[in-house]
Structures are given as C-alpha cells and as structure tokens.
Amino acid sequence: MERRHGWILAILLIGAALPDLSLAGWTGVDRDSGRGVEGSSKRRLLDDDGKEDESGPSCVCIFDVDGTVWLSENGDARKGKVAGEAVGVINKCKDKGYGVAIASGSPENDVKKVLQKQVNGDIFNEDFFQSGAFRAGNLVKSTELNSILDFFDVEDPGCAMFFDDEDINEVFSILTGVTHHNVDESIGVTMKDLKRASENVPSGCGCPEFK
C-alpha cells in the first residue's frame with residue numbers, strides 16, 4: 001500500500017514541478033474545446049417523445065478491459081475469458097441509467113474484438129466504437145478519461161467511476177478527478193466493486209445507488 005501511494009505521490013510531484021507542461025502531457029485534452037473527442041462532446045440520446053436529448057447521463061461507469069472486464073491467458077490479451085461478473089456489472093450500470101465507457105491501454109482492434117464478440121455485442125457495437133465513449137490504445141489514461149468526461153458532458157468528474165486493475169493508473173484518476181476503484185486482476189470487476197465504488201461518488205451527483 002505504501003509503495004503504491006509512493007508512486008502516485010511521485011508522479012503528482014513531477015507534474016507540479018513542471019508547470020510549463022501544465023499537465024497537458026497527462027491530460028491531453030482541452031476540456032473547454034473538447035479537443036480529442038470524436039464528434040460531439042455530448043452523448044446524443046432520445047427522450048420519451050423521440051426528440052434528441054443532448055444532455056446525456058451525468059453518471060458514468062468507465063471500465064479498463066484487460067484484468068478488469070477480460071482476463072488474459074498468460075499475459076496474452078488476445079486469449080482468455082470474460083471476467084465472471086463483468087457482463088452483469090456492465091448491464092447493471094446500463095439498467096441504472098449510467099453511461100458506459102471504455103478506457104483501455106490495449107490495442108484498439110484487440111479490445112473491439114473482445115468487447116463485441118465476447119462481452120456484449122448489443123452494447124459494444126459499431127456506434128459505440130465510433131463514439132467518444134470508447135477510448136483504447138493509449139497508456140496515458142488521463143487522456144482517455146478526459147475525453148470520456150467531455151463526451152458525456154460530465155460537470156463533476158467525481159460522478160464518473162473508473163474500474164481498473166493497475167494500481168499505478170490511480171494517478172490518472174486523481175489528475176482528472178474521477179472516482180477510482182481498483183479491482184482484483186485475477187477475478188476482474190465484481191458487483192461488490194460496483195457497490196463500493198458508488199459509495200465514494202459525491203452525493204451531489206445524484207447517481208443511482210447499487211445495493
């Protein structure tokens with residue numbers, strides 16, 4: 001635990017010591033302009049009258065893939081199996097009205113194949129992959145997280161939960177302000193993880209609870 005926090009503190013101190021970078025190298029996105037987001041910065045939905053609603057959900061479940069949704073075989077992300085409770089967790093987020101997004105450092109094509117063919121092809125379809133809710137292939141996850149926040153037009157980053165198995169990636173959650181939750185890479189994301197993460201979301205978000 002101390003070693004993990006030491007890494008996080010070290011990276012934050014480096015960022016603070018290099019003001020010329022303004023952490024731009026970490027965030028990679030201009031939150032005002034929405035640069036880096038594919039298409040509109042707001043998720044387009046249909047309201048009850050069938051009219052387009054650009055407000056989108058203010059609460060979002062963001063998932064890493066390898067070690068969170070997908071359990072690789074011997075370190076090979078192309079082989080493995082879906083984490084036991086991952087599909088249920090993703091569906092629960094959708095059922096509760098949360099936006100669902102992916103922030104993965106794994107190769108984009110590999111991630112697409114796993115999500116569409118192995119996890120849930122109804123949710124993870126071509127429309128999803130063409131949207132700003134899908135970010136893959138970048139290990140600097142603050143870039144991905146900021147793009148997702150812009151896409152869903154999330155005013156308070158804490159209203160978005162990020163599930164990831166790599167301790168070091170917590171630094172990117174700190175930099176962007178999202179609610180971070182570490183999962184066990186041996187079993188992937190679980191319903192217990194979902195409940196615990198939601199308990200750390202700011203009450204002002206008004207996000208639905210998971211019981």
Side-chain angles (χ1 to χ4, degrees), residues 1-12 26 59-94 96 98-121 123-124 128-129 133-149 157-158 160-201 210:
M1 183 66 72
E2 292 181 358
R3 182 179 180 182
R4 166 185 156 197
H5 288 164
W7 273 104
I8 293 172
L9 178 60
I11 294 177
L12 289 174
W26 295 102
C59 306
V60 185
C61 293
I62 307 172
F63 300 93
D64 169 46
V65 176
D66 192 25
T68 301
V69 173
W70 179 254
L71 305 181
S72 297
E73 181 180 314
N74 298 322
D76 186 346
R78 295 169 298 180
K79 300 178 181 179
K81 62 181 180 180
V82 178
E85 297 184 32
V87 174
V89 170
I90 293 168
N91 290 341
K92 179 67 72 173
C93 286
K94 291 285 289 185
K96 286 284 189 177
Y98 283 69
V100 170
I102 294 294
S104 173
S106 299
E108 183 175 310
N109 288 335
D110 292 345
V111 174
K112 284 182 177 180
K113 290 178 181 178
V114 165
L115 294 175
Q116 191 169 41
K117 296 182 179 180
Q118 304 290 339
V119 181
N120 189 325
I123 294 176
F124 301 117
F128 178 87
F129 295 138
F134 176 67
R135 312 298 297 178
N138 189 349
L139 294 176
V140 182
K141 292 198 174 183
S142 50
T143 303
E144 318 288 27
L145 295 174
N146 271 326
S147 293
I148 290 167
L149 293 173
M161 300 180 290
F162 180 40
F163 300 89
D164 193 289
D165 66 304
E166 293 286 349
D167 289 349
I168 193 62
N169 285 335
E170 186 175 350
V171 70
F172 300 126
S173 295
I174 293 173
L175 289 171
T176 56
V178 304
T179 298
H180 189 91
H181 187 82
N182 281 99
V183 307
D184 185 338
E185 65 179 355
S186 67
I187 60 175
V189 67
T190 65
M191 289 294 185
K192 184 179 292 186
D193 290 322
L194 183 59
K195 182 178 183 298
R196 288 180 175 174
S198 67
E199 291 172 350
N200 293 321
V201 170
F210 296 94

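Computed from a predicted model, the values in this text were never measured in an experiment. Numbers here are sequence positions counted from 1. Just so it is clear, the values below take in all heavy atoms, side chains as well, and ignore hydrogens, waters and symmetry mates.
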Shortest non-hydrogen contact between [X] and [Y], atoms and distance:
X: Asp193; Y: Gly188; answer: OD2-O, 3.7 Å
X: Asp64; Y: Lys141; answer: OD1-NZ, 2.9 Å
X: Thr68; Y: Ala83; answer: O-CB, 3.7 Å
X: Cys93; Y: Leu194; answer: SG-CD1, 3.8 Å
X: Asn182; Y: Glu170; answer: OD1-OE1, 3.6 Å
X: Val82; Y: Ala86; answer: CG1-CB, 4.3 Å

* Under the side-chain contact (heavy atoms from CB on, under 4.5 Å) criterion, do Gln116 and Phe128 qualify, and how do the steps go? -> CA-CA 10 Å; Gln116 191 169 41; Phe128 178 87; over 6 Å; no

pair [X]-[Y]: side-chain heavy atoms closer than 4.5 Å:
X: Thr190; Y: Val183; value: no
X: Ser173; Y: Leu145; value: yes
X: Pro157; Y: Thr176; value: no
X: Val119; Y: Val114; value: yes

* Ring geometry between Phe63 and Phe163 (parallel below 30°, tilted from 30 to 60°, perpendicular above 60°) ->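 Judged by the thresholds at 30° and 60°, the geometry between Phe163 and Phe63 is parallel.
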
* Inspect the surroundings of NZ in Lys92 and state if more than 12 heavy atoms from other residues, nucleotides or ligands are less than 6.0 Å away. =>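 Result for NZ/Lys92: open.
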
Value rounded to 0.5 Å, distance of [atom1] in [X] from [atom2] in [Y]:
X: His180; Y: Asp164; atom1: NE2; atom2: CG; result: 5.5 Å
X: Ile102; Y: Ile148; atom1: CD1; atom2: CD1; result: 8.0 Å
X: Glu144; Y: Ile62; atom1: CD; atom2: CD1; result: 10.5 Å
X: Trp70; Y: Asp110; atom1: CH2; atom2: CG; result: 10.5 Å
X: Phe124; Y: Gln118; atom1: CZ; atom2: CD; result: 13.0 Å
X: His181; Y: Arg196; atom1: NE2; atom2: CZ; result: 6.5 Å

* Regarding Asn91 and Asn120, is there a side-chain donor-to-acceptor distance under 3.5 Å anywhere? ->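 A donor-acceptor contact under 3.5 Å links the two side chains.
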
* Asked: Quick one: which of Met191, Lys192, Glu199 gives a side chain to side chain contact (heavy atoms under 4.5 Å, CB included) with Lys195?
  ->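 That would be Glu199; it is the only one of Met191, Lys192, Glu199 passing the side chain to side chain contact (heavy atoms under 4.5 Å, CB included) with Lys195.
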
* Any donor-acceptor N/O pair, Thr179 side chain to Gly158 backbone, under 3.5 Å ->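 Flag set: sc Thr179 to bb Gly158 pair under 3.5 Å.
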
* Let me see the working for Ser106 and Val65 under side-chain contact (heavy atoms from CB on, under 4.5 Å), right down to the final yes or no. => CA-CA 8 Å; Ser106 299; Val65 176; 5.5 Å; no

* To do: Show your reasoning for whether side-chain contact (heavy atoms from CB on, under 4.5 Å) applies to Leu115 and Phe129.
  => CA-CA 10 Å; Leu115 294 175; Phe129 295 138; 4.1 Å; yes

